[in-house]
There are 2 protein chains.
Amino acid sequence: MSRASTSARPPGRPRSGVNAVVFAATLSTIDELGYARATVDRIAAAAGVAKTTIYRRWPSKGELIVDCLLDAFGPIPLEGAGRAELMSSAVRWIAAKIGEPGVGDAFAGVFSDAVSDPALRVVLSTRLQDRYRLALQDALGEPEHRVLFFIDVVVGTLLHRMGMTGEPMVDADVAALVEMVLPYFADGAGPT
Amino acid sequence: MSRASTSARPPGRPRSGVNAVVFAATLSTIDELGYARATVDRIAAAAGVAKTTIYRRWPSKGELIVDCLLDAFGPIPLEGAGRAELMSSAVRWIAAKIGEPGVGDAFAGVFSDAVSDPALRVVLSTRLQDRYRLALQDALGEPEHRVLFFIDVVVGTLLHRMGMTGEPMVDADVAALVEMVLPYFADGAGPT
DNA sequence: AAGTATCGATACCGAGAGTAGCGTAAGGGG
DNA sequence: CCCCTTACGCTACTCTCGGTATCGATACTT
């Protein structure tokens with residue numbers, strides 16, 4: 001009811017559509033310089049935008065990165081015949097996304113920041129994780145705690161490899177991850 | 001030949017044995033305030049030591065944390081009858097250590113810093129990860145890349161849970177992790 | 001006593017997150 | 001047309017933190 005009215009435009013100068021430009025600049029800057037050196041000033045410069053404009057749209061660097069990741073990931077594609085095919089395609093999709101330039105570093109970086117920032121942790125878990133948790137719960141028919149465990153294993157493993165080596169996980173190891181996860185989550189298996 | 005001579009003591013004032021005090025202060029400060037607010041100044045104050053003394057012994061905050069983690073973890077106990085028992089006890093030991101106050105936060109924090117700091121990444125992977133990788137390779141008779149994958153899965157999963165919730169993984173989920181990992185690494189299994 | 005190296009204290013530098021203030025641009029409605 | 005409202009760019013600023021420099025005092029050896 002608030003902004004759904006077709007043409008109820010708010011007064012004042014309309015926002016220029018720079019969100020997409022800022023997202024692209026964020027990922028490319030992180031890809032080129034790494035997470036720590038990708039300062040807000042540099043991201044703003046790469047986007048051709050004033051730093052204050054970024055802070056008018058996002059309250060903190062962390063939330064900018066989370067929004068950027070939401071944009072980069074998009075909705076998770078959950079097609080596939082059986083459960084096994086569905087889960088393995090989900091794992092491969094997450095691995096592929098994390099392997100895209102800048103995405104893995106951005107994810108690992110904001111994740112690390114969240115360790116010491118409870119507010120950012122809430123943003124990260126509700127805005128990003130819940131989106132895929134709910135989709136997976138729906139598609140797999142698994143209870144919440146099982147899906148959370150699944151996400152911990154898949155994302156945790158991929159990020160740990162990324163953080164330790166600086167490179168995304170190679171296909172052979174992603175295949176190993178699938179082979180490890182699948183039997184545990186096969187129909188009717190598991191302890192709970 | 002350098003310092004092995006029994007009583008070849010170097011000249012000058014000997015170092016006071018404050019390493020243990022600094023390690024304890026580091027973990028307790030991180031436990032109380034979180035990783036980001038655990039500044040070097042605060043750690044020094046908690047240890048009753050000047051900040052400059054810390055920087056005389058460790059070249060950076062990251063290396064201090066790595067040394068602190070090395071001290072907190074100690075050597076991995078690898079006793080156990082069969083392979084399965086050996087692996088499950090290893091997983092539980094790592095989970096327990098990460099659950100100790102301050103240790104998980106410190107680990108996740110320094111891990112995050114390593115994402116943007118290649119030098120710290122080298123320190124982390126050679127000083128900390130290699131220690132347990134070599135012990136596990138020796139005890140399990142697995143090739144390097146399999147043990148690295150094992151570490152990615154176990155540590156990655158535990159740290160992801162810690163980072164997302166702020167709390168270490170509960171025993172039930174650690175048990176699930178064991179049940180997932182064991183069949184994959186059973187004798188003769190696996191793709192490679 | 002002389003020499004050497006550590007410790008504590010204070011002051012400092014540089015970088016980066018985030019904010020304040022101001023003039024200006026881009027739309028609306030009278 | 002002029003006014004109102006909001007967004008934008010710009011500059012300058014504060015604050016925190018990692019890390020460094022300097023100096024006098026201290027501990028231990030020879």
Side-chain angles (χ1 to χ4, degrees), chain A residues 3 5-22 25-26 29-30 33-66 68 106 109-110 112-117 119-120 123, chain B residues 3 5-22 25-26 29-30 33-66 68 106 109-110 112-117 119-120 123:
Chain A
R3 63 188 181 93
S5 319
T6 350
S7 57
R9 184 176 192 159
R13 174 175 174 174
R15 286 193 162 180
S16 56
V18 291
N19 281 35
V21 183
V22 173
T26 302
T29 305
I30 290 178
L33 307 176
Y35 185 79
R37 300 192 55 195
T39 67
V40 176
D41 290 85
R42 277 192 253 262
I43 290 172
V49 156
K51 183 169 76 159
T52 45
T53 297
I54 290 186
Y55 277 104
R56 277 188 203 101
R57 298 183 179 217
W58 295 277
S60 69
K61 180 184 177 183
E63 297 214 26
L64 163 63
I65 307 281
V66 171
C68 184
V110 75
S112 320
D113 286 355
V115 171
S116 352
D117 186 342
L120 180 57
V123 172
Chain B
R3 65 187 180 93
S5 318
T6 352
S7 56
R9 184 172 191 164
R13 174 175 175 174
R15 286 193 162 179
S16 56
V18 290
N19 282 35
V21 182
V22 173
T26 301
T29 305
I30 289 178
L33 306 177
Y35 185 79
R37 299 193 56 195
T39 67
V40 177
D41 290 87
R42 276 192 253 261
I43 291 172
V49 156
K51 183 168 77 158
T52 46
T53 297
I54 289 186
Y55 278 104
R56 277 188 203 102
R57 299 183 180 215
W58 294 276
S60 69
K61 181 183 177 185
E63 298 213 27
L64 164 64
I65 309 282
V66 171
C68 184
V110 75
S112 320
D113 287 353
V115 171
S116 353
D117 186 342
L120 180 56
V123 172

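Within every chain, numbering begins at 1; the chains are lettered A, B, ... in the order of the sequence lines, protein sequences first and strands thereafter.
- Here the side chains of B:Thr26 and B:Leu64 are in contact, with some heavy-atom distance below 4.5 Å.
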* What string of B, S and - do you get for nucleotides 10-20 of chain C, 5' to 3', if B is base contact, S is sugar-phosphate-only contact and - is no contact with any protein heavy atom under 4.0 Å? -> B-----SSBBB

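- In this structure, the CH2 atom of B:Trp58 is 16 Å from the C1' atom of D:dG18, given to the nearest Å.
- Looking at heavy atoms from C-beta onward, B:Tyr35 lies in side-chain contact with B:Val110 at the 4.5 angstrom threshold.
- The side chain of A:Thr53 contributes no N or O atom lying less than 4.0 Å from OP1 or OP2 of D:dC8.
- Taking atom CG of B:Leu64 as the reference point, atom P of D:dG19 lies 10 Å away to the nearest angstrom.
- Interface remark: the A:Arg15 side chain does not form any donor-acceptor pair with the D:dA7 base, using a distance-only criterion of under 3.5 Å.
- A 4.5 Å side-chain heavy-atom check between B:Lys61 and B:Asp113 finds every atom pair outside the cut-off.
- Counting heavy atoms from C-beta on, the side chains of B:Val66 and B:Leu120 come closer than 4.5 Å.
- Note: CZ (B:Arg57) to P (C:dA5) measures 16 Å, nearest angstrom.
- Taking 4.5 Å as the limit, some side-chain heavy atom of A:Ile54 sits within range of a side-chain heavy atom of A:Val40.
- OP1 and OP2 of D:dT20 both lie 4.0 Å or more from every side-chain N or O belonging to B:Arg56.
- Of the candidate nucleotides C:dT6, D:dA7, D:dG9, D:dG9 has the atom lying nearest to any side-chain atom of A:Val49.
- Using a 4.5 Å cut-off on side-chain heavy atoms (C-beta onward), A:Thr53 and A:Val22 make no contact.
- If you measure from atom CG of B:Leu120 to atom C1' of D:dG19, you get 15 Å, rounded to the nearest angstrom.
- One interatomic measurement links the two molecules: CZ of A:Arg13 to P of C:dA26, which rounds to 6 Å at whole-angstrom precision.
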